[in-house]
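In this chain, residues are counted from 1 in sequence order.
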Amino acid sequence: MLSVLFNWLYIFIITFLIGLGFFRLLSVLLKRQLSFSFFSLILCGVAVTTVYAQILSLFCKIGLLANLLLVVFGIVTLIIYPRSFYRQYLEKLKNTFFCWNGLLYIGLILFIALCTSRGTIHTDTSLYHAQAVRWYEEYGVVKGLGNLQWHFAYNSSYFAFAALFSLKFLCGQSLHCTTGFIAIVLILWSVHRLRGFFTRTRHMTDMCCVGILFYALVNLTGCISPASDYATMYMALYLIARWCETIEHDPGNVDTFALLSVFSVYVMTLKLSTGLLVLLVIFPLVCLIRSGRTKDTFIYLALGLLTAVPFLTRNVIISGWLLYPFAAIDLFQFDWKIPVRYVNIDSSTIKVWARCLYDPNLIDMPFCEWLPVWWEAQERYSQMLILTNILTFILDGALLLHRIAAKAKLCWNTILLNLCTFMCLAAWLLLAPFIRYGLAFLLAAPMISVGMWLETWHKERGTDSFYKLFSGCVVFVMFFVLTPYWDHYFVDDVVFIKQNLTQPYYICQKNYDTSPMEEYDMNGTTIYCPKEGQITGYDYFPASSYDYMIHTTELRGNSLKDGFRSLERE
């Protein structure tokens with residue numbers, strides 16, 4: 001637990017300074033001063049350091065050198081800004097924490113640190129996340145890595161961030177505290193903002209903050225895992241919440257919407273399933289073009305490209321495909337390219353498992369046939385969450401009809417946000433409907449709708465009584481239906497805390513899981529594989545969860561640096 005707190009302190013200082021430096025540089029490029037909040041600096045720093053780690057990984061491993069350069073960048077930022085600026089922030093921090101509210105914040109930090117130091121390692125972390133992080137630490141990137149195990153071709157930029165702050169070179173243990181860090185930052189932001197709930201009349205952002213806290217409740221036992229799903233859902237929820245906040249409090253601030261659009265590209269690099277959020281760029285792009293801000297438009301587009309290009313480059317290097325596992329975009333013919341047959345098998349496997357069919361031969365089963373199978377396979381509390389989203393459609397319809405009938409002005413930016421959220425939900429359902437893959441949108445959609453409903457309730461006191469009765473009943477039913485979901489995870493978390501309080505991880509964090517391994521020779525290099533099951537963990541490196549993939553793969557040269565290629569040629 002103590003190691004977690006020290007790791008968080010380091011991540012906080014670095015991301016804060018990097019975020020500050022980024023805004024300073026952007027202000028110079030735009031030739032005007034940008035306003036930013038404390039939490040915006042940290043989350044911006046997280047995104048910038050992630051892109052930085054990805055770029056650096058194309059040339060070297062992510063370890064001591066990468067961190068030394070970050071420290072240098074941080075020192076440069078300290079020099080750029082006057083001391084009075086930092087005294088202002090330190091004064092705000094002191095006033096925030098040295099008060100009664102501060103006791104709550106400190107308690108939350110210690111509580112999430114406790115959960116991050118122990119608990120359940122995610123199955124996929126033991127399957128490939130830990131190994132993916134170690135590949136960053138040891139080599140940065142190698143060609144055709146996905147041939148050794150297809151999962152390594154799932155190129156999430158989050159693993160670059162996790163490797164950057166694992167500090168293995170310093171601690172002797174690869175720390176995995178980044179998920180907990182993201183969780184506590186967003187929890188503190190949400191709690192801090194919700195303090196003013198009853199003083200505001202607009203509540204879309206407030207309800208999105210409630211959604212973040214819901215997700216924190218669901219993911220409490222997973223804070224220890226550097227799982228791409230967790231980071232992606234947190235960041236998607238934050239993006240949606242910040243978009244709502246800007247709509248409510250500064251709707252004319254095109255710069256903020258443009259930066260959030262760039263942030264949506266970053267979220268996409270965490271997991272491709274959030275890619276449709278990039279459509280949010282439509283609003284700031286139209287505004288910038290209409291106002292004739294050509295230079296600003298190119299700057300923001302360049303930032304988006306700078307965020308996406310390292311991610312796409314790594315895709316090509318580790319798999320030979322621009323977007324793995326999507327075989328429809330076939331642009332390259334490298335010798336390390338994963339054969340298209342395997343890409344299609346992997347893509348089909350993901351879909352049929354998500355649909356609870358478990359047989360790749362059923363990939364072409366019609367939607368109306370597999371949907372009942374999938375529904376019956378869901379836990380009751382998950383079914384209640386899905387039903388809540390169906391009720392959300394009804395509430396949104398009532399809200400839209402009411403505004404049209406009242407001849408009220410429509411906020412096209414809010415409509416765009418809702419459309420993007422529902423499109424993400426539709427893509428999730430049709431492609432890979434694992435609940436954890438789409439949880440951010442399953443939580444955000446009803447929260448946005450309830451937030452909009454609360455606004456009409458406050459503003460239109462004398463509105464149609466039938467609308468009030470109908471919409472109020474829908475909201476009540478939504479709350480009632482959603483109750484089993486948060487109740488299930490609340491009980492789970494209480495049990496988790498009771499079971500883990502006595503674990504001896506109050507100084508050092510619990511290490512990755514491992515299992516007995518067998519050794520395989522590949523051109524003179526030892527490759528590890530579990531004797532039973534699929535847990536590879538972190539300690540045995542390099543490892544593959546599947547022995548048949550080891551047998552169908554060879555080194556491209558004499559060392560791991562040369563990468564891998566499939567023995568099967570197309």
Side-chain angles (χ1 to χ4, degrees), residues 15 18-19 21-23 25-26 29-30 43-62 65-66 69-70 73 132-133 135-136 139-146 152-164 228 231-232 235-236 239 258-282 284-285 288 294-334 336-338 343 563:
T15 53
I18 295 299
F22 171 82
F23 275 109
L25 178 60
L26 187 60
L29 290 174
L30 296 173
L43 273 300
C44 173
V46 170
V48 172
T49 53
T50 301
V51 175
Y52 157 81
Q54 284 188 100
I55 294 173
L56 203 62
S57 73
L58 300 176
F59 307 100
C60 63
K61 64 182 182 180
I62 303 301
L65 175 63
L69 288 174
L70 273 184
F73 296 149
V133 169
W135 277 105
Y136 269 100
Y139 293 97
V141 67
V142 298
K143 296 171 181 176
L145 180 60
F152 295 147
Y154 303 159
N155 178 33
S156 172
S157 63
Y158 180 60
F159 300 140
F161 181 72
L164 182 63
S228 53
T232 304
M235 290 304 191
L239 169 63
L259 283 170
L260 288 173
S261 297
V262 175
F263 193 82
S264 73
V265 178
Y266 159 70
V267 175
M268 180 201 68
T269 68
L270 295 175
K271 202 171 184 69
L272 284 173
S273 58
T274 62
L276 290 176
L277 284 177
V278 176
L279 293 175
L280 290 171
V281 74
I282 293 171
L285 184 61
L288 288 170
T294 306
K295 177 187 173 183
D296 294 357
T297 303
F298 279 110
I299 288 174
Y300 289 122
L301 287 175
L303 287 174
L305 284 174
L306 183 62
T307 304
V309 167
F311 168 75
L312 296 174
T313 303
R314 281 189 58 89
N315 278 346
V316 175
I317 293 175
I318 64 180
S319 70
W321 297 85
L322 187 66
L323 297 173
Y324 183 91
F326 298 103
I329 306 176
D330 190 354
L331 304 176
F332 308 101
Q333 296 301 323
F334 299 113
W336 66 80
K337 181 179 177 181
I338 299 175
V343 178

Inset, instruction - Could you tell me the separation between the CG atom of L306 and the CG atom of L301, rounded to the nearest 0.5 Å? - result: 12.5 Å

Legend entry - Spatial distance of atom CD1 (I318) from atom NZ (K337) [nearest 0.5 Å]: 15.0 Å

Inset, instruction - Report the relative orientation of the aromatic rings in W135 and Y139; use parallel for angles under 30°, tilted for 30 to 60°, perpendicular for over 60°. - result: tilted

Legend entry - Residue pair T274 / M268: nearest heavy atoms and the distance that separates them: OG1-CA, 3.4 Å

Inset, instruction - State, to 0.1 Å, how close A236 and L277 come at their nearest heavy-atom pair, and which atoms those are. - result: CB-CD1, 4.1 Å

Legend entry - Any donor-acceptor pair under 3.5 Å from W321 side chain to F326 backbone: no

Inset, instruction - Report the distance from atom CZ of F161 to atom OG of S228, rounding to the nearest 0.5 Å. - result: 14.0 Å

Inset, instruction - Please assess K295 against L29 for the test side chain to side chain contact (heavy atoms under 4.5 Å, CB included), listing each intermediate value before the final yes or no. - result: CA-CA 9 Å; K295 177 187 173 183; L29 290 174; 5.7 Å; no

Legend entry - L331 vs V316, side chain to side chain contact (heavy atoms under 4.5 Å, CB included): CA-CA, chis, key distance, verdict: CA-CA 10 Å; L331 304 176; V316 175; over 6 Å; no

Inset, instruction - Heavy atoms only: give me the nearest A160-T50 pair and the separation to one decimal. - result: CB-O, 4.2 Å

Inset, instruction - May I have all residue pairs that pass side chain to side chain donor-acceptor pair (under 3.5 Å) and include part of residues 296-311, sequence neighbours excluded? - result: R32-D296, D255-Y300, R293-D296

Legend entry - Contact check, side chains of M235 and L43, non-hydrogen atoms, under 4.5 Å: yes

Inset, instruction - I would like to know whether L280 and L260 meet side chain to side chain contact (heavy atoms under 4.5 Å, CB included); could you show each step before the answer? - result: CA-CA 8 Å; L280 290 171; L260 288 173; over 6 Å; no

Inset, instruction - Hey, could you give me the CD/CZ distance between Q54 and F159, rounded to the nearest 0.5 Å? - result: 11.5 Å

Legend entry - pair I299-L26: side-chain heavy atoms closer than 4.5 Å: yes

Legend entry - F298: partners by ring-ring contact (aromatic ring centres under 6.0 Å, His included), with sequence neighbours left out: none

Legend entry - Nearest heavy-atom neighbours spanning I62 and L56: CD1-CB, 4.0 Å

Inset, instruction - State, yes or no, whether a side-chain contact exists between Y52 and I18 at a heavy-atom distance under 4.5 Å. - result: no

Inset, instruction - Work out which heavy atom in F22 is nearest to a heavy atom in C44; give both atom names and the distance. - result: CD2-SG, 3.3 Å

Inset, instruction - Compare every heavy atom of S264 with every heavy atom of V278, then report the nearest pair and how far apart it is. - result: CA-OG, 3.5 Å

Inset, instruction - Report the residue from Y154, F152, Y324 that forms a side-chain contact (heavy atoms from CB on, under 4.5 Å) with S319. - result: Y324

Legend entry - Verdict with reasoning, V265 to L303, per side chain to side chain contact (heavy atoms under 4.5 Å, CB included): CA-CA 9 Å; V265 178; L303 287 174; over 6 Å; no

Legend entry - Member of T313, N315, L145, L323 meeting the side-chain contact (heavy atoms from CB on, under 4.5 Å) criterion with N155: N315

Legend entry - Atom NZ of K271: over 12 foreign heavy atoms under 6.0 Å: yes

Legend entry - F263: ring-ring contact (aromatic ring centres under 6.0 Å, His included) partners, not counting sequence neighbours: Y238, Y266

Inset, instruction - Hey, could you give me the CG/OG distance between L270 and S157, rounded to the nearest 0.5 Å? - result: 4.0 Å

